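Here the structure is a predicted model, which means the values were calculated and not measured.
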Amino acid sequence: TYDFSRLERNFCKVAGLYQGQPRILTILKENEGVTLSELSPLCAIGMPSLSVSVRNLQKSGLIRKEGTGKNQKLFLTDTGRQRALAFHQEIDAFYRDFLEHLGPEASEQMNQSFQQFDSYVKDFNKHYEAAHGWSKS
């Protein structure tokens, strides 16, 4: 876990971002024009923490707000878009190198395993949330 976290920090450094910022920028890229309250569940970040992060991203010139009050819409700036892209390019290069290192057969097996794992996690979460009464109907 430590090494993976270190890897993420290094990717952030190269992209000129702090940890946590890439997630917000990536989700905002796919959902530009959302309000803060709409962004919170998409990022799985509570409103108080997200408000602070958005304020810091705005001060850094990575996002901009349009509108007033609770209806303010959030958008990436060109700089925010470039930094998010730089972060994802680092991740893509890492995985490309890793898969090349594995070779075609092992890469395909890993891809299938990740798809199965992803499906299992989604199903597990659904059942777990239902068992604890957390499901949203």
S.K.: Minimum heavy-atom separation for Leu99 and Ser107, please, with both atom names.
M.R.: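 What the structure gives for the nearest pair is O-OG, 2.9 Å.
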S.K.: Test Phe87 against Cys12 for side-chain contact (heavy atoms from CB on, under 4.5 Å), laying out the working first.
M.R.: CA-CA 6 Å; Phe87 179 81; Cys12 285; 3.7 Å; yes
S.K.: I'd like to know if the side chain of Glu108 pairs up with that of Gln112 as donor and acceptor (distance under 3.5 Å, no hydrogens or angles considered).
M.R.: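 Checked: Glu108/Gln112 side chains pair up, N/O donor to acceptor below 3.5 Å.
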S.K.: For the pair Thr35 (side chain) and Lys73 (backbone), establish whether a donor and an acceptor sit closer than 3.5 Å, ignoring hydrogens and angles.
M.R.: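 No, Thr35 side chain to Lys73 backbone: no donor-acceptor pair under 3.5 Å.
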S.K.: Any chance you could lay out the side-chain contact (heavy atoms from CB on, under 4.5 Å) test for Leu76 and Glu32, step after step, and finish with the verdict?
M.R.: CA-CA 7 Å; Leu76 290 177; Glu32 284 201 277; 3.6 Å; yes
S.K.: Can you list everything that forms a side chain to side chain donor-acceptor pair (under 3.5 Å) with Lys122? Sequence neighbours excluded, please.
M.R.: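 Side chain to side chain donor-acceptor pair (under 3.5 Å) check on Lys122 returns Asp118.
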S.K.: Can you tell me if Ser119 uses its side chain to pair, donor with acceptor, with the backbone of Gln115 under 3.5 Å?
M.R.: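 Not at all, since once roles are kept as given, no pair shorter than 3.5 Å links the two residues.
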S.K.: Take the angle between the ring planes of Phe98 and Tyr95 and call it parallel below 30°, perpendicular above 60°, tilted in between.
M.R.: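 Phe98 vs Tyr95 ring planes: perpendicular.
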S.K.: Using modelled atom types only, decide if a donor and an acceptor are shared between the side chain of Arg23 and the backbone of Cys43 within a distance under 3.5 Å.
M.R.: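 Such a contact is found between Arg23 side chain and Cys43 backbone.
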S.K.: Ignoring hydrogens and geometry, is there a side-chain-to-backbone donor-acceptor pair from Arg64 to Thr77 under 3.5 Å?
M.R.: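 Between the backbone of Thr77 and the side chain of Arg64 there is no qualifying donor-acceptor contact (under 3.5 Å).
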S.K.: Taking 4.0 angstrom as the limit, do Lys13 and Glu90 come out as a salt bridge?
M.R.: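 No, no charged N to carboxylate O under 4.0 Å.
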S.K.: Working to the nearest 0.5 Å, report the span between CG of Asp92 and NE2 of His88.
M.R.: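 Reported value, rounded in 0.5 Å steps: 8.0 Å.
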S.K.: So, does Glu8 use its side chain to make a donor-acceptor pair with the main chain of Ser5 at under 3.5 Å?
M.R.: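 A pair under 3.5 Å: no.
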S.K.: Looking only at the side chains, is there a donor atom on one of Glu66 and Gln72 sitting less than 3.5 Å from an acceptor on the other?
M.R.: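 No, no side-chain donor-acceptor contact under 3.5 Å.
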